[in-house]
S.K.: 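Quick one: the structure is below, questions incoming.
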Protein chains: 2
Amino acid sequence: MSTSQIGRPRAFDAEAALEKAMMVFWAQGYEGASLTDLTEAMGISRKSLYAAYGNKEDLFRKALQRYAEGPGAYIAEALQAPTAREVAMAFLAGAARANTLPGLPAGCLGVQGALAAGETGRVARDTLAEWRAHGEALLRDRFRRAVQVGDLPASADPEKIARYVMTIANGVAVQAAGGATCEDLQQVADAALRNWPPA
Amino acid sequence: MSTSQIGRPRAFDAEAALEKAMMVFWAQGYEGASLTDLTEAMGISRKSLYAAYGNKEDLFRKALQRYAEGPGAYIAEALQAPTAREVAMAFLAGAARANTLPGLPAGCLGVQGALAAGETGRVARDTLAEWRAHGEALLRDRFRRAVQVGDLPASADPEKIARYVMTIANGVAVQAAGGATCEDLQQVADAALRNWPPA
DNA sequence: AAACTTCTGCACCGATCGGTGCAGAATACG
DNA sequence: CGTATTCTGCACCGATCGGTGCAGAAGTTT
């Protein structure tokens, strides 16, 4: 977007409307969220939606980006913890909390947004798979640095540890979608990290 | 079904067609599987489908039942292992294998069949959530018996152990849907059960 | 054979899907 | 002011959604 704002300005808050769209995708999944569901929640017309965000796939990608900066920000925050173990603990504690926040959909947009899909949802599904793989790669890189610094033993396998932690987080997301509480999931996280490193 | 077979017999194998329907739901999810996708895979017409299985929700329920008896049979089998730890190991090893079988969809029908859904998929979503909860309850009961027998210490919490194991299995399902290999997931399972009991 | 029951294939239903054309309203620029 | 540019609301598009009516074919029973 350039700084020019010639022409009629839009009558809605693009960021607030995107947040609403994110919630609809989060709660109903990509294929389960119809244009009608989205526009009603966002309070705008179809035409305004397409002009501001592009088509449904574009909107989904922007909603995911918004998710990563909002409810999913715990991931980036956890990576900054001082030790590998604290990274893992912060990551799983953040997942337990973010997936069970009151007033927000249960579970994780990056998991339930499109885990299996028909032809129309394939792009969304692949986008999320790539997003999860990217998160796992960030964890792996963080654990690699921990090995270099001596925080983790040289025998530790950063890739396997990252996969282990991400698998737990994904399981937490499914459990949350099924109604598990934050305390339930925090206990699972504690148990999963009781012996460290796991691999 | 009664033993009477008056009238024209159906021209297709109901069990084989159900198996095909299961695969479509497994790969594409409830909402992503259209009637056209289903009937083409099953090799029958819409009319035959409705006469033999009921509507789409009924077909989904029957496909899930079929899944539990087929690719998901590892769950019931694992429950019969002699010790609690072997139950958990067999369960997670079975999940790692069943979620990555060549020639079959990756992941678990009970997870990706309908994790988040719109209005039309709500029944399917709740059906799967209940199915997963039922599996967790079976694990819990099995671990309770292990406590009674002395296989698990009296301080162990069967409910928490069951939740822990099921959470790992759910995470394995998500990872498999994203392309993880059986070996990858077996290593995760090994790491998750390295110290026992987990709670 | 006739009568009865069930299954099949085709065409079709209203509803909803994602997406768009168009006219007019609202702003900035000259 | 006039003109250019953008946004809004409405109606509408073809395609697909899940589901069904109907005529006739294919069996069993008597």
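None of the values given here were measured: they were computed from a predicted structure. Side-chain atoms are counted along with the backbone in the values below, which use heavy atoms only and exclude waters and symmetry mates.
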S.K.: Is A:Leu64 linked to A:Ile75 within one hydrophobic cluster, defined over Ile, Leu, Val, Met, Phe, Trp and Tyr using a side-chain heavy-atom separation of less than 4.5 Å?
M.R.: yes
S.K.: Is there a side-chain contact between A:Ser48 and A:Arg10 in this structure, where contact means two heavy atoms from C-beta onward sitting under 4.5 Å apart?
M.R.: no
S.K.: Is A:Arg132 paired with A:Glu136 through a side-chain N to carboxylate O contact shorter than 4.0 Å?
M.R.: no
S.K.: Dump the pairs, protein N or O against N or O of nucleotides 19-21 of chain C, anything under 3.5 Å, distances to one decimal.
M.R.:
| unit_1 | atom_1 | unit_2 | atom_2 | d |
| --- | --- | --- | --- | --- |
| C:dG19 | OP2 | A:Tyr50 | OH | 2.5 |
| C:dG19 | OP2 | A:Lys56 | N | 3.2 |
| C:dG19 | O5' | A:Tyr50 | OH | 3.0 |
| C:dG19 | N7 | A:Arg46 | NE | 3.1 |
| C:dG19 | O6 | A:Arg46 | NE | 2.9 |

S.K.: Measure CZ/A:Phe60 against P/C:dC17 and give the value in whole Å, please.
M.R.: 18 Å
S.K.: Count the heavy atoms of every other residue, nucleotide or ligand shown that sit under 6.0 Å from CZ of A:Arg61, and state whether that count exceeds 12.
M.R.: yes
S.K.: With 3.5 Å as the limit, what N/O pairs link the protein to nucleotides 24-30 of chain C?
M.R.:
| unit_1 | atom_1 | unit_2 | atom_2 | d |
| --- | --- | --- | --- | --- |
| C:dA25 | N3 | A:Arg8 | NH1 | 3.1 |
| C:dA26 | O4' | A:Arg8 | NE | 3.4 |

S.K.: Tell me whether B:Arg194 contacts the main-chain N or O of A:Asn195 through its side chain, where contact means a donor paired with an acceptor under 3.5 Å.
M.R.: no
S.K.: Tell me what B:Thr120 touches on the nucleic acid: a base, only sugar-phosphate, or nothing, going by heavy atoms under 4.0 Å.
M.R.: nothing
S.K.: For B:Glu130 and B:Thr127, which I'm curious about, is there any donor-acceptor pair between the side chains at under 3.5 Å?
M.R.: no
S.K.: Phosphate oxygens OP1/OP2 of C:dT8: is one of them under 4.0 Å from a side-chain N or O of B:Ser48?
M.R.: yes
S.K.: In terms of ring plane angle, is the pair B:Phe60 and B:Tyr30 parallel, tilted or perpendicular, where the classes change at 30° and 60°?
M.R.: perpendicular
S.K.: What does A:Ala33 touch in the nucleic acid at a heavy-atom separation under 4.0 angstrom: a base, only the sugar-phosphate, or nothing?
M.R.: sugar-phosphate
S.K.: Could you state the OH-P distance from B:Tyr53 to C:dT6, rounded to the nearest angstrom?
M.R.: 18 Å
S.K.: Could you give the CD-to-C1' distance, from A:Glu119 to C:dG18, as a whole number of Å?
M.R.: 15 Å
S.K.: Can you tell me the distance, in whole Å, between the CG atom of B:Leu38 and the C1' atom of D:dC17?
M.R.: 12 Å
S.K.: Does a nitrogen or oxygen in the side chain of A:Ser45 sit under 4.0 Å from OP1 or OP2 of D:dT8?
M.R.: no
S.K.: Between D:dC17 and B:Thr36, is there an OP1 or OP2 to side-chain N/O distance shorter than 4.0 Å?
M.R.: yes
S.K.: Atom CG of A:Leu49 and atom C1' of C:dG18: how far apart are they, to the nearest Å?
M.R.: 11 Å
S.K.: Expressed in angstrom and rounded to an integer, what is the separation of B:Glu31 atom CD from C:dG18 atom P?
M.R.: 11 Å
S.K.: Regarding B:Glu119 and A:Gln28, is there a side-chain donor-to-acceptor distance under 3.5 Å anywhere?
M.R.: no
S.K.: How about NZ on B:Lys62, more than 12 heavy atoms from neighbouring residues, nucleotides or ligands closer than 6.0 Å, or not?
M.R.: yes
S.K.: A side-chain contact here means heavy atoms from C-beta on lying under 4.5 Å apart; do B:Tyr67 and B:Cys108 qualify?
M.R.: yes
S.K.: Calculate the interatomic distance between B:Arg10 atom CZ and D:dG27 atom P; express it in whole Å.
M.R.: 14 Å
S.K.: Atom CH2 of A:Trp26 and atom CD of A:Glu19: how far apart are they, to the nearest 0.5 Å?
M.R.: 9.0 Å
S.K.: Collect all protein-nucleotide pairs involving nucleotides 1-3 of chain C in which both atoms are nitrogen or oxygen and the distance is under 3.5 Å.
M.R.:
none

S.K.: Between A:Asp157 (side chain) and A:Ala199 (backbone), is there a donor-acceptor pair under 3.5 Å?
M.R.: no
